[in-house]
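Following: one structure in structure tokens, then a few remarks.
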Amino acid sequence: MDELNLNLNTPQPPVPPVPDAPQPPIPPPSEEPREVVLHYAAETPPQEVVLRYVAPAPQEVVLRYTAPAPEASAELSELFASAFMPAIVPARRGGRKGLWIFLSSLGLLFLLSAALGILYWKDILPRRTAEAQAEADNYRYNFEWRSSIDDYANAETTLKRYPTGGDARLHFAESHGAALNIQEVYERVNPCTVTIATALPGGGAIIGTGVIFTPDGYILTNAHVITGGEKCYVVLDNGTSFDDAKLVGFDAEKDLAVIKVDAKMLPTAEFGDSDALTVGDTVYAIGNPLGVELRGTLTDGIVSAINRDVNVDGVKMTLIQTNAALNNGNSGGPLINVYGQVVGINTMKMGSSSTVSVEGLGFAIPVSSAAWMINDLVAYGEIRGEPVLGISVLREAVILPTGESALRIYEIEAGSAAAKTELLNGDLIVRADSEPIGSVSDLLRVRRRFAVGETLTLEIDRDGERMNIDVVLEASAH
């Protein structure tokens, strides 16, 4: 077989190009091109779009008031520190040893009480005398606390005095607006309520409360809050302090006092008609129980009794009784009705004895019967006597042919203000100071607007004839 030799490196002849194949001619269109139109059909007809706003559920709005700390001077801070305040000590957690000690002490105390009871039952121990029992059963009326009440009860009051005879007057409203809730009452009255600290000779202090009744700084409080003091300090609810309040006047028997600070544009309380109170009405109290750390405390309760006669150390006081919590430091503070009006000045509480437990018995001085006394303190520095007409009237009103009511005078006191006028027994009082008189309380309410020496005009019906008679009010025997 012949051998086949291939030489791959031998050059090859070029391949000639293949000409393009001829394309068939495109035939002309049979007709003109048409416009292509695309149509979109919505799946559903269009719907109206409505936007609705849903208001969120209303939330309760709670306003919280935080009393600022008083920016007191170093002297006032030291005085506050000297006043009694119970220390609040956090409880310590003990182990089992402390528990066993407590249980053992409790068991010993029980055994000791049982032994004493047997001895007392066998008449081995002496029984309490009748005199001691009677003394223990007596209720205690707690006035303002002080460092040592025995030392200062009869001490001389040496506070700086403010001149009397000013134009300041305490007026109380005979009407009122809408009732307020408890937060609104506090917001209205607390700025008018002040803390009073009275420095006592030899150290110590009395802490009480007061109510501002004029923008230029006349403040009403209890007499026992300032009695025996040598210097008086006042702190407003916003922390502003006055280091030298002056005494205008006070009466220890009526337990009323007026002091004055040098200020302007102070918030003032609105005073209301305490005669309009009825048993069961809601009332509030604001004060400084147990001192300055709890100042501005609000408590609430009801009127438990009106015209309650209370005898303290031989002095009879006609007061408003309430179960609103009153504590040491509340003295001189406001008792407030639901309209935000001050209707009483808190003065004391009934405390427990060794054998009797007492709760919820507080007392306040009615504003309506005390207004003239407060105005006497401003004008004279003392109480000179209640403005009186000097007449006695029948309680049952007389109905006149005109349909008007009137009160019949049945007695005119000899030498009185009425005796110096043309008034006669049997005259009918139709109006006083142009106001209709249908009851004794109406006449008293009008008379209390006037001070001693002022003139009260009475409209009289005498046998069908009308006349006006002016009476210059005089002071009652104090």
Side-chain angles (χ1 to χ4, degrees), residues 134-146 148-157 159 170 196 198 200 206 208-211 220-229 247-259 274-275 277 285 287 303-322 324 326-335 343-353 356 358 361-388 444 448 452 475-478:
E135 181 178 357
D137 289 341
N138 285 334
Y139 299 117
R140 294 185 293 108
Y141 291 96
N142 296 330
F143 285 94
E144 192 56 65
W145 57 270
R146 55 191 74 203
S148 177
I149 192 168
D150 294 332
D151 293 340
Y152 300 110
N154 299 313
E156 181 182 2
T157 302
L159 298 177
L170 186 146
I196 298 175
T198 304
L200 300 172
I206 310 168
T209 308
V211 183
L220 174 61
T221 187
N222 285 143
H224 69 258
V225 172
I226 54 89
T227 299
L247 176 62
V248 180
F250 75 104
D251 188 286
E253 184 174 306
K254 301 299 183 182
D255 200 23
L256 291 170
V258 176
I259 60 177
S274 58
D275 288 342
L277 292 174
V303 174
S304 305
I306 55 176
N307 298 326
R308 178 73 80 192
D309 289 336
V310 177
N311 287 283
V312 182
D313 297 330
V315 177
K316 186 177 79 170
M317 304 176 70
T318 302
L319 305 171
I320 303 168
Q321 181 182 327
T322 178
L326 302 179
N327 296 284
N328 295 330
N330 277 101
S331 290
L335 186 72
V343 291
I345 300 301
N346 299 319
T347 185
M348 62 181 174
K349 61 175 289 187
M350 186 180 287
S352 303
S353 69
V356 179
V358 177
L361 292 178
F363 300 90
I365 301 171
V367 164
S368 297
S369 59
W372 67 269
M373 305 182 204
I374 299 164
N375 291 330
D376 264 9
L377 293 177
V378 173
Y380 312 113
E382 61 182 5
I383 297 175
R384 293 193 171 183
E386 185 175 7
V388 294
L444 289 174
R448 285 170 178 164
V452 172
S476 63
H478 178 47

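The structure displayed is predicted, hence computed values, not measured ones. Heavy atoms only: backbone and side chains are in, while hydrogens, waters and symmetry mates are out.
Between the side chain of Asn346 and the backbone N or O of Pro334, at least one donor-acceptor pair lies under 3.5 Å. Remark: side-chain polar atoms of Thr318 are not paired, donor with acceptor, to backbone N or O of Asp309 under 3.5 angstrom. Put simply, the side chain of Thr221 gets close to the backbone of Thr209: a donor and an acceptor are under 3.5 Å apart.
Just one of Ile206, Val258, Leu159 meets the side chain to side chain contact (heavy atoms under 4.5 Å, CB included) condition when paired with Ile226; it is Leu159.
Ion pairing between a basic and an acidic side chain is recognised when a charged N comes within 4.0 Å of a carboxylate O; Asp275 and Arg448 show such pairing.
Once rounded to the nearest 0.5 Å, the distance linking CD1 of Ile306 with OG1 of Thr322 reads 13.0 Å. Note that CE of Met317 is 8.0 Å distant from NZ of Lys254, once rounded to the nearest 0.5 Å. Note that CD of Glu386 is 10.0 Å distant from CG of Asp376, once rounded to the nearest 0.5 Å.
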Quiz prompt | Pair Val367-Ile374, side-chain contact (heavy atoms from CB on, under 4.5 Å): steps then yes or no | solution = CA-CA 9 Å; Val367 164; Ile374 299 164; over 6 Å; no

Q | Worked check of side-chain contact (heavy atoms from CB on, under 4.5 Å) between Asp255 and Met348 | A | CA-CA 10 Å; Asp255 200 23; Met348 62 181 174; over 6 Å; no

Query raised in the report: Yes or no on side-chain contact (heavy atoms from CB on, under 4.5 Å) for Ile383 and Trp372, after CA distance, side-chain angles and deciding distance?
Result: CA-CA 9 Å; Ile383 297 175; Trp372 67 269; 3.5 Å; yes

Q: Given side-chain contact (heavy atoms from CB on, under 4.5 Å), test Asp251 with Met373 step by step and report yes or no.
A: CA-CA 9 Å; Asp251 188 286; Met373 305 182 204; over 6 Å; no

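Between Ala370 and Leu256, the shortest heavy-atom contact is CB-CD1, 4.0 Å. Closest approach of Ala223 and Ala252 over heavy atoms only: CB-CA, 4.0 Å. Between Leu319 and Phe363 the shortest heavy-atom distance is CD1-CB, 3.6 Å. In plain terms, the two heavy atoms of Leu247 and Phe250 that are nearest each other are CD2-CD2, 3.6 Å.
Proximity of Ile345 to Leu335: side-chain heavy atoms (C-beta onward) are nowhere separated by under 4.5 Å. Inter-residue side-chain proximity for Ser274 and Ile320 is flagged as met; some heavy-atom pair is nearer than 4.5 Å. The closest side-chain heavy-atom distance from Val248 to Leu377 is not below 4.5 Å. At least one side-chain heavy atom of Thr347 sits less than 4.5 Å from a side-chain heavy atom of His224.
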